[in-house]
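This is a predicted model, so every value here is computed, not measured.
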Amino acid sequence: MGRRGGAGRRPGLRPRRGFPPPPARSRLAGRRAGRRAGGPAMIEAIIREAFKTPLEKLGLYEDDVVIDLEKPRDRSHGDLSTNLALSLAKPLGRRPRELAGELAAGLEFDKDLVESVEIAGPGFINFRLGRPYHIGRLLALWSGAALAEIRSGGGKRINVEFISANPTGPLNVVSARAGAFGMTLCRLLEAVGYDAHSEYYVNDAGRQVTLLGASLRANYLQLRGRPFLFPEGGYEGRYLEIMASELLDQDSAAIQLAAKAFDNESFQRVTAPEGNAEDWCALPEDESVRCFAKYALMKILGWQRETCQRFGLRFDTWYFESELHETKRIERTLDALRKSDRLFEQEGALWFRSTAFGDEKDRVLVRADGEPTYFLADLAYHHHKHQRGFEYAIDYWGPDHHGYILRMQGGMRALGVEEGWLEVEILQHVTFLEDGRPITMSKRKGQFVTMDALMDEVGADVAKFFFLTRKPNSHLEFDLDLARAESSENPVYYVKYAHARICSVLRNAVAAGVAIGEPTAAGLAGLTHESEWNLVRELIRLPQIVTVAAQAREPHRLTGWVVELAGLFHQFYHQCKIIDPEAPQLTDSRLMLCQLTRLVIAKVLELIGVDAPEHMGEKD
RNA sequence: GCGCCCGUAGCUCAGUUGGAUAGAGCAGUGGACUUCUAAUCCACAGGUCGCAGGUUCGAGUCCUGCCGGGCGUGCCA
């Protein structure tokens with residue numbers, strides 16, 4: 001994760017060869033986007049180019065020097081800044097400020113693009129970009145060109161797997177956070193030009209499914225008043241009791257109904273067992289359990305799929321573990337692994353030497369009883385995923401699985417898959433707070449265990465937004481009181497309100513007979529107020545925000561940024577009268593700014609899967 | 001013990017991949033509705049960035065070692 005090794009950062013002078021290696025995450029290469037059409041990369045290229053002459057005067061060539069350009073934190077420092085003089089000072093044995101002066105003196109720019117160059121602080125060279133540049137970016141935003149520039153992925157396919165919950169019960173809130181991240185990451189990857197493929201892996205083959213079937217069967221037999229034995233470690237959730245009583249009351253009607261939900265191609269593997277529950281009971285025990293398991297699986301997958309749908313999740317593929325077994329992929333993967341020379345036998349089991357890949361101990365692939373482990377099945381699954389032609393695979397896992405990363409990645413390497421192909425993002429736990437206290441998530445009592453209950457409580461939009469406010473690797477404290485509040489403290493409503501407010505202003509304009517024109521350079525040139533320009537400078541960052549969020553796999557950057565953006569709009573709204581009959585030109589300009597802001601907020605909300613309303617509901 | 005993650009304002013967290021005076025929301029205090037939606041805005045106050053070293057012109061950010069918290073560490077899935 002962004003590990004760079006301790007090699008220390010290079011000074012201004014670029015070493016001759018082979019160093020530094022690109023950071024692991026730079027493969028999306030978003031930095032090179034936007035080179036055409038006046039994008040940010042073009043401006044940066046122009047500035048770098050301008051340094052050529054002054055650098056040559058110092059006896060340096062472009063290729064020898066790394067020119068970092070970045071947006072200063074403090075706006076008074078301009079739009080772009082470089083530390084070039086600071087980093088060159090040491091190797092050249094010069095004083096930074098003096099050097100900065102010399103460098104800056106030799107720079108020449110088109111004033112429309114770079115308005116001014118200043119030396120500041122210890123030796124930074126700051127650039128202020130011209131208004132025509134900003135206006136150009138706004139127009140590119142409006143036309144869609146600005147977002148087209150960052151589509152640098154070349155349509156390469158990336159598989160994003162998330163949730164993949166065991167099909168043994170309703171989805172819980174842990175899955176909800178994974179859903180929010182996974183789906184948003186897919187949309188982000190699409191936005192930067194990849195072909196993102198969402199996938200859900202269904203563990204429908206292991207012992208747990210048998211256990212599920214046995215648990216349901218026990219519940220059913222109990223309701224029937226027949227002798228039953230509840231399986232050890234079986235599933236005790238109330239949902240199985242309900243499922244059993246449904247079978248009892250409706251029997252084949254319930255079965256048909258459940259089966260109908262999977263009446264389509266992508267779920268061919270999900271079918272109803274033959275006969276009805278009474279028939280199943282008459283079968284030998286293992287047969288009987290299989291039938292109950294098949295039915296339970298069908299029901300639960302139906303719930304899970306419905307819950308996902310309600311949460312706005314769409315999966316391109318539901319991949320069934322049972323398919324791996326039926327198509328002999330487990331054996332095939334095992335054969336491929338044997339060729340890697342990383343397997344050995346010990347105490348009757350077959351092991352994988354994962355320590356060769358940094359794991360702390362070696363892992364079993366096939367148990368002494370001949371059964372493949374979950375690890376092997378997972379390797380076979382990912383092996384197949386690779387064979388299906390994905391450029392990269394990104395998995396979202398729960399915190400309890402982080403110990404599996406090294407062995408999985410090691411296994412993939414042993415299968416001949418290129419390093420870095422499988423990327424694993426760990427999502428940390430969620431704690432729910434009510435009255436400022438954490439609520440216990442006991443499966444018995446907890447009312448917020450399921451994802452559906454959470455949506456009932458706070459709504460899908462609020463839940464999604466909240467899940468995306470912290471980085472994946474941080475624990476999330478989910479304040480239910482805040483999430484329920486339809487008020488200013490709730491960031492979701494803060495942002496939605498900004499959007500609705502703009503829509504309202506636009507409606508008022510129409511009602512007042514003011515024409516709303518498309519943004520134009522001449523119109524936008526009318527913007528002069530500080531709060532207008534604070535907004536402008538932020539709006540044009542959208543492509544960069546999207547790029548970084550996608551590259552760094554950090555969808556949470558979107559929520560933070562859009563809250564900030566909404567704030568800038570609210571400030572502008574308070575400081576500037578938008579519709580002013582006394583000033584038709586200015587009204588025109590400001591309505592353009594409103595439209596652009598609406599566009600950007602709507603785009604970000606679309607990425608995180610939250611509705612952008614035109615009206616807010618009535619206040620209570 | 002070992003591995004991974006986290007430690008920033010009273011609370012919950014950002015921090016643009018090493019930059020300039022560390023930011024926001026909530027909580028606190030005080031203001032702004034004759035006004036395009038006050039679901040909003042403005043102001044004040046709040047800090048030894050867990051501790052100690054190191055690398056660097058420059059560290060919340062990178063390295064090492066401690067301290068504190070979470071999770072993991074099965075021939076389970």
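In this structure, Phe466(A) and Phe478(A) have tilted ring planes: the angle between them lies in the 30° to 60° band. The aromatic rings of Tyr319(A) and Tyr381(A) sit tilted, their planes meeting at an angle between 30° and 60°. Relative orientation of the Phe357(A) and Phe352(A) rings is parallel, given thresholds of 30° and 60° on the angle between their planes.
Contact annotation for Cys576(A): base contact, defined as any heavy-atom pair under 4.0 Å involving a base atom. Among the heavy atoms of the strands lying under 4.0 Å from His402(A) is at least one base atom, whether or not backbone atoms are also near. Among the protein residues, Ser474(A) comes within range of the sugar-phosphate backbone only, with heavy atoms under 4.0 Å from sugar or phosphate atoms but none that close to a base. When heavy atoms are screened at a 4.0 angstrom cut-off, His429(A) is found touching no nucleic acid atom at all. Residue contacts for Gln346(A): at a heavy-atom cut-off of 4.0 Å it reaches a base atom on one of the strands shown. Among the protein residues, Glu347(A) comes within range of the nucleic acid bases, having at least one heavy atom under 4.0 Å from a base atom. Nucleic acid contact class of Ala89(A) (heavy atoms, under 4.0 Å, all strands): none. Within the nucleic acid shown, Pro399(A) comes within 4.0 Å of sugar-phosphate atoms alone, with no base atom in reach, counting heavy atoms only. Within 4.0 Å (heavy atoms only), Asn126(A) reaches at least one base atom of the nucleic acid. When heavy atoms are screened at a 4.0 angstrom cut-off, Lys496(A) is found touching no nucleic acid atom at all. Residue contacts for Ala120(A): at a heavy-atom cut-off of 4.0 Å it reaches a base atom on one of the strands shown. At a threshold of 4.0 angstrom between heavy atoms, the contacts of Asn203(A) with the nucleic acid are absent.
Using atom C1' as the reference point in both U16(B) and A22(B), the two lie 14 Å apart (nearest Å). A gap of 10 Å separates the P atoms of C42(B) and A24(B), to the nearest Å. Across the P atoms, G10(B) and G50(B) are found 13 Å apart, a figure rounded to whole Å. When the C1' atom is used for both G3(B) and A20(B), the distance is 38 Å, rounded to whole Å. Distance noted for atom P between U35(B) and G23(B): 37 Å (whole Å). If you take atom C1' in U21(B) and the same atom in G70(B), they sit 35 Å apart, rounded to whole Å.
No hydrogens or angles were tested; on distance alone, a donor-acceptor pair under 3.5 Å links the side chain of Asn83(A) to the base of G19(B). The base of A20(B) is paired with the side chain of Ser81(A) by a donor and an acceptor separated by under 3.5 Å.
Each of Ile578(A) and His556(A) was assigned the nucleotide of RNA chain B with the nearest heavy atom; the assignment lying further toward the 5' end belongs to His556(A). Annotation: of the two residues near RNA chain B, Phe375(A) and Gln544(A), the 5′-most nearest-nucleotide partner is Gln544(A).
Figure legend: cation-pi geometry between Arg501(A) and Phe569(A) absent, as NZ or CZ is not positioned both under 6.0 Å from the six-membered ring centre and within 45° of its axis.
Between C42(B) and Gln571(A), a contact under 4.0 Å exists linking OP1 or OP2 to a side-chain N or O. The side chain of Lys90(A) places an N or O atom within less than 4.0 Å of a non-bridging phosphate oxygen (OP1 or OP2) of C57(B). The shortest distance between the side-chain N/O atoms of Lys361(A) and the OP1/OP2 oxygens of C75(B) is below 4.0 Å. Listed pair Arg363(A) / G74(B) fails the phosphate criterion, with no side-chain N or O lying under 4.0 Å from OP1 or OP2.
Base pairing of C44(B): its partner is G28(B), meeting the Watson-Crick or G-U wobble criterion (both donor-acceptor distances under 3.5 Å). Both distances falling under 3.5 Å, in either a Watson-Crick or a G-U wobble arrangement, place C51(B) opposite G65(B). Applying the Watson-Crick and G-U wobble criteria (two distances, each under 3.5 Å), C2(B) pairs with G72(B). In this structure A38(B) sits in no base pair that meets the Watson-Crick or G-U test at under 3.5 Å.
Screening Asp461(A), Asn490(A), Ile601(A) against Lys496(A) for a side chain to side chain contact (heavy atoms under 4.5 Å, CB included) leaves a single residue, Asp461(A).
When ring centroids are compared, Phe572(A) and His529(A) stay outside the 6.0 Å threshold.
Taking every side-chain heavy atom of His475(A) into account, G70(B) is the closest of A14(B), C41(B), G70(B). In the set G15(B), C36(B), C41(B), the nucleotide with an atom closest to the side chain of Val505(A) is C36(B). Of the candidates U16(B), C36(B), C76(B), the closest approach to any side-chain atom of Tyr573(A) belongs to C36(B).
Judged by distance alone, the side chains of Asn203(A) and Glu321(A) do bring a donor and an acceptor atom under 3.5 Å apart.
Annotated as anti: U73(B), whose glycosidic dihedral deviates from 0 by more than 90°.
For Gly517(A) against Gln595(A), the heavy-atom pair with the smallest separation is O-NE2, 2.8 Å.
Here Phe124(A) does not pack flat against the base of G19(B), since the 5.5 angstrom centre distance and 30 degree tilt limits are not both met.
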